[in-house]
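One structure below.
Count residues from 1 along the sequence.
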Amino acid sequence: MPQSPIELKGSSFTLSVLHLHHTDPATVRKALAEKVSQAPAFLRNAPVVVNVSTLTRDVNWRQMQQAIVASGLHIVGVSGCKDEQLKRTISRSGLPLLTEGKEKKPADDRQPETPVLTPAVPAAEPSIEKTRVISTPVRSGQQIYAKNCDLIVTSHVSAGAELIADGNIHIYGVMRGRALAGAGGDQSSQIFCTNLSAELVSIGGVYWIMDQIPNEFFGKASRLCLKDGELTIQTLN
């Protein structure tokens, strides 16, 4: 029997989820522009799922979609939609409606004024000026950003947490979340980790998801860098 020209297989991908908490497209576009400017090498042209659980049929979805795309993000699907009319509007726009699984209930009825790409939890202030040091565990949903400097985490990083640095990233604990070094485009940045079990690693916008990390380095002390524009990994001695 001749081989089929196509093959369908199950797989998994790590995607950012953009949670919308405002109905004004202009406000969302401005907030996204600021967010993308923090890590342009990773966020520009990045695929995202848009969570609209707080929005109603009153939102102008066409304008909201244009605002998100104009920021440089690519929408691959929409989740959390509860309003039937809004569902129909989103479907007519050509985007699939996705289910993320069991959603957490909001802590209260207040709505933030700006959207977030991940549920951000306030982090500790930098301990020194040129290197940001985090000495507590980084929990799921927490995002740490070291602007124009290196980032050192002396504890564990949970799955669903995100580390972003314009410079190098050092993790002296189990790394189960995402690590994005050289977020501003510096391809000389590196990632150092004593236990690499990450969902995603990225340097200068070049990334691997968990399945791409070589088995012999998974869960081991490892060092990642770019060589000829490609991610390379070696044992951290």
Side-chain angles (χ1 to χ4, degrees), residues 14-55 59-80 95 100 106-108 110-127 129-134 138-151 153 157 160-169 177-187 189 199-207:
T14 301
L15 295 173
S16 294
V17 180
L18 170 61
H19 293 260
L20 296 180
H21 297 300
H22 205 291
T23 58
D24 178 39
T27 300
V28 169
R29 180 172 180 172
K30 180 180 178 182
L32 283 175
E34 295 175 355
K35 195 74 169 177
V36 172
S37 68
Q38 293 178 1
F42 181 74
L43 293 179
R44 188 169 291 129
N45 299 319
V48 296
V49 173
V50 180
N51 183 289
V52 297
S53 58
T54 64
L55 302 187
V59 66
N60 187 320
W61 176 251
R62 181 173 175 274
Q63 293 182 7
M64 183 65 75
Q65 184 178 354
Q66 290 175 345
I68 296 170
V69 172
S71 71
L73 300 176
H74 294 282
I75 305 174
V76 298
V78 180
S79 68
L95 293 171
E100 291 182 44
D108 54 44
R110 293 173 295 176
Q111 293 186 347
E113 295 182 355
T114 58
V116 291
L117 283 172
T118 54
V121 177
E125 291 298 318
S127 57
E129 184 179 357
K130 293 184 179 180
T131 301
R132 184 166 189 182
V133 179
I134 303 297
V138 184
R139 306 298 184 186
S140 178
Q142 189 172 2
Q143 183 188 79
I144 307 293
Y145 175 44
K147 185 176 183 179
N148 299 325
C149 64
D150 293 350
L151 175 63
V153 178
V157 181
E162 191 169 67
L163 307 179
I164 302 175
D166 289 336
N168 304 306
I169 295 179
R178 303 179 184 183
L180 290 70
D186 182 4
Q187 297 196 342
S189 298
E199 297 173 315
L200 179 146
V201 289
S202 171
I203 298 177
V206 181
Y207 67 91

Considering all heavy atoms of both residues, which atom of Gly167 and which atom of Ala181 are nearest to each other, and what is their separation?
O-CB, 3.5 Å
Go through the steps for Ile68 and Leu18 under the test side chain to side chain contact (heavy atoms under 4.5 Å, CB included), then give the verdict.
CA-CA 9 Å; Ile68 296 170; Leu18 170 61; 4.0 Å; yes
What's the separation between atom CG in Leu20 and atom CG in Leu32, rounded to the nearest 0.5 Å?
7.5 Å
Looking only at heavy atoms, what is the nearest atom pair of Leu163 and Ile169, with distance?
O-CD1, 3.8 Å
Smallest separation among heavy atoms of Ala67 and Pro25, with atom names:
CB-O, 3.5 Å
Nearest 0.5 angstrom please: Glu162 CD to Arg178 CZ, how far?
5.0 Å
For Asn168, does its backbone N or O pair with a side-chain atom of Asp150 as donor and acceptor, under 3.5 Å?
yes
The reported gap from NZ in Lys147 to CZ in Arg132 (rounded to nearest 0.5 angstrom) is 12.0 Å
Are the side chains of Leu151 and Ile164 in touch, meaning some heavy atoms are under 4.5 Å apart?
no
Residues that Tyr145 engages under side chain to side chain donor-acceptor pair (under 3.5 Å), provided they are two or more places apart
Asp166
What is the minimum heavy-atom distance between His22 and Met64, and which atoms define it?
O-CE, 3.4 Å
Measuring from atom CG of Asp24 to atom CD of Gln63, what distance do you get when rounded to the nearest 0.5 angstrom?
9.0 Å
So which atom in Val138 and which in Gln142 form the shortest heavy-atom distance, rounded to 0.1 Å?
CA-OE1, 3.6 Å
What is the minimum heavy-atom distance between Gln187 and Gly204, and which atoms define it?
NE2-O, 4.0 Å
dist Thr54:OG1 -> His21:NE2 (nearest 0.5 Å) comes out at 5.5 Å
Could you check whether any side-chain N or O of Ser53 sits under 3.5 Å from a backbone N or O of Ser79, counting only pairs where one atom can act as donor and the other as acceptor?
no
